[in-house]
Amino acid sequence: MAALLTLEGISKRFDGGVEALAAVDLRIGAGEFVSLVGPSGCGKSTALRVIAGLLAPSRGAVTWPGGKPAIGFVFQEPTLMPWADAVGNARLPLDLKGVARGEAEARAMRALARVGLDGFERAFPRALSGGMKMRVSIARAIAAEPKLLLMDEPFAALDELTRQALNDDLLKLVREDGLTVIFVTHSVYESAYLSDRVVAMTPRPGRVAADLALSPPRVRDQGYRLTPEFAGAAGRVSAALKKANSE
């Protein structure tokens, strides 16, 4: 599998002296779904921001063998503009790129329909549930047609049923668009369900302690969560995370 990006010796020390990452080496293949797991403060979110170019590393480099692709970023909080309706929020990155209003509107509408919000295009954030707000956030990311999707604990604040539904919807989008995803989560079970690979990180400063290749079925649903294969994958992630926490 061709590499989409590589992290080579990435370290990040903030001005206050906090060292978030130390010598992180990681290769992400095109089309992979990779989850980063580890304790709070281990640098998972920092790694995403370095990849996105929102933070500069103190040492090391992010390289893009085939050129840097379009990137979508979904944060832990939906961060919607309260004065804009769902379409206005989903259209934002297209407006910032100068896409013609009619085209931007059409692409935002299509993105909202793809995340299950057909009929809620003119709803304002105050009228939407937490899960629906996150769907708008995902629609905003995919409306710009990225090749790489960075997701920073997007479902952490949601109830379990909503979280599982969004996991399934996300996998469908990934299949349809051929996306590469780097996904930060604290959930062993979520990482085992979603991922082709799970990278366990040590406590701060974050280092790669384990890089687990999983083999989930390409199409999976609630039934997969009840299989011995899923239980085994979750067990491997849990053991790697426990070991990483002790390093």
Qualifying residue, where the test is side chain to side chain contact (heavy atoms under 4.5 Å, CB included) with I182 and the options are V199, L4, L36 | L36

Short N-O contact, R114 and E176, less than 4.0 angstrom = yes

State, without any angle test, whether T162 and R135 hold a side-chain donor-acceptor pair at a distance under 3.5 Å.
-> no

Can you name the nearest heavy-atom pair linking A244 to A200, along with the distance?
-> CB-CB, 4.3 Å

Could you give the distance from CG (L158) to CE (M132), rounded to the nearest 0.5 Å?
-> 12.5 Å

Cluster overlap L5 with F183, hydrophobic side-chain contacts below 4.5 Å = no

Find out whether R140 and T79 are in side-chain contact, i.e. whether some heavy atom of one side chain is under 4.5 Å from a heavy atom of the other.
-> yes

Can you name the nearest heavy-atom pair linking S137 to L80, along with the distance?
-> N-CD2, 4.3 Å

Is it the case that T185 and E190 place a side-chain donor and acceptor less than 3.5 Å from each other?
-> yes

Can you list the steps and then say if V115 with F120 is a side chain to side chain contact (heavy atoms under 4.5 Å, CB included)?
-> CA-CA 11 Å; V115 299; F120 290 90; over 6 Å; no

Hey, mind stepping through R163 and D168 against salt bridge (charged side-chain N to carboxylate O under 4.0 Å, His left out) and telling me if it holds?
-> CA-CA 9 Å; R163 186 172 186 154; D168 289 338; over 6 Å; no

More than 12 heavy atoms of other groups within 6.0 Å of R122 CZ | yes

Hydrophobic cluster membership, L92 vs I142, 4.5 Å side-chain cutoff = no

Does the side chain of S35 come under 3.5 Å of the side chain of S195 through a donor N or O and an acceptor N or O?
-> yes

Is E153 close to H186 at the side-chain level, that is, under 4.5 Å between some pair of heavy atoms?
-> yes

Side chains of R236 and V198 in contact at under 4.5 Å (non-hydrogen atoms) = no

Under the side chain to side chain contact (heavy atoms under 4.5 Å, CB included) rule, what do W64 and I51 come out as? Steps first, then yes or no, please.
-> CA-CA 10 Å; W64 306 88; I51 291 167; 4.0 Å; yes

Taking all non-hydrogen atoms of both residues into account, name the closest pair between A210 and A240 and its distance.
-> CB-CB, 4.0 Å

Donor-acceptor contact present, side-chain E229 to main-chain T227, <3.5 Å | no

Mark yes or no for whether K12, through its side chain, and A56, through its backbone, hold a donor-acceptor pair below 3.5 Å.
-> yes

What pair of heavy atoms forms the shortest contact from P216 to D196, and how long is it?
-> CG-OD1, 4.4 Å

Report the distance from atom CG of L241 to atom CE of M201, rounding to the nearest 0.5 Å.
-> 11.5 Å

Should V37 and L149 be counted in the same cluster of Ile, Leu, Val, Met, Phe, Trp and Tyr side chains packed under 4.5 Å apart?
-> no

Do the rings of F230 and Y193 sit parallel, tilted or perpendicular, given the 30° and 60° boundaries?
-> perpendicular

Going hydrophobic residue to hydrophobic residue with side-chain gaps under 4.5 angstrom, can you get from L179 over to L112?
-> yes

Note: V188 and A234 closest approach over all heavy atoms is CG1-O, 3.3 Å

Between the CE atom in M134 and the CG atom in L128, the distance rounded to the nearest 0.5 Å is 12.0 Å

Got a second to check how far E105's CD is from R101's CZ, nearest 0.5 Å?
-> 5.5 Å

Compare all side-chain heavy atoms of R197 with those of L26 and state whether any distance is below 4.5 angstrom.
-> yes

Between E19 and R204, is any pair of side-chain heavy atoms under 4.5 Å apart?
-> no

Do R107 and R91 touch side chain to side chain, with heavy atoms closer than 4.5 Å?
-> no

I10 and V62: CA distance, side-chain angles, deciding distance, side chain to side chain contact (heavy atoms under 4.5 Å, CB included) verdict | CA-CA 8 Å; I10 293 290; V62 181; 4.0 Å; yes

Between the side chain of D85 and the main-chain N/O of A123, is any donor-acceptor distance below 3.5 Å?
-> no

Test item: L7 and D25 side chains (from C-beta on) under 4.5 Å apart, heavy atoms | no

Which value, rounded to the nearest 0.5 Å, describes the distance between I28 atom CD1 and T180 atom OG1?
-> 8.5 Å

Could you grab the distance from atom CZ of R13 to atom OG1 of T46, nearest 0.5 Å is fine?
-> 13.0 Å

Are the side chain of E32 and the backbone of G29 linked by a donor-acceptor contact shorter than 3.5 Å?
-> yes

What pair of heavy atoms forms the shortest contact from A192 to A233, and how long is it?
-> CB-C, 4.0 Å

Could you state whether L148 and V24 fall into the same hydrophobic cluster, counting links through intermediate Ile, Leu, Val, Met, Phe, Trp or Tyr residues with side-chain heavy atoms under 4.5 angstrom apart?
-> yes

Counting heavy atoms not belonging to K243, are there more than 12 under 6.0 Å from its NZ?
-> no

Checking side chain to side chain contact (heavy atoms under 4.5 Å, CB included) for the pair L171/R220: CA distance, chi angles, key distance, verdict?
-> CA-CA 9 Å; L171 288 176; R220 44 205 182 271; 3.5 Å; yes

Does N89 use its side chain to pair, donor to acceptor, with the backbone of A84 at less than 3.5 Å?
-> yes

Should F73 and R49 count as side-chain neighbours, where that means a heavy-atom distance under 4.5 Å?
-> yes

Counting distance only, does the side-chain N/O of T202 pair as donor-acceptor with the main-chain N or O of P205 below 3.5 Å?
-> yes

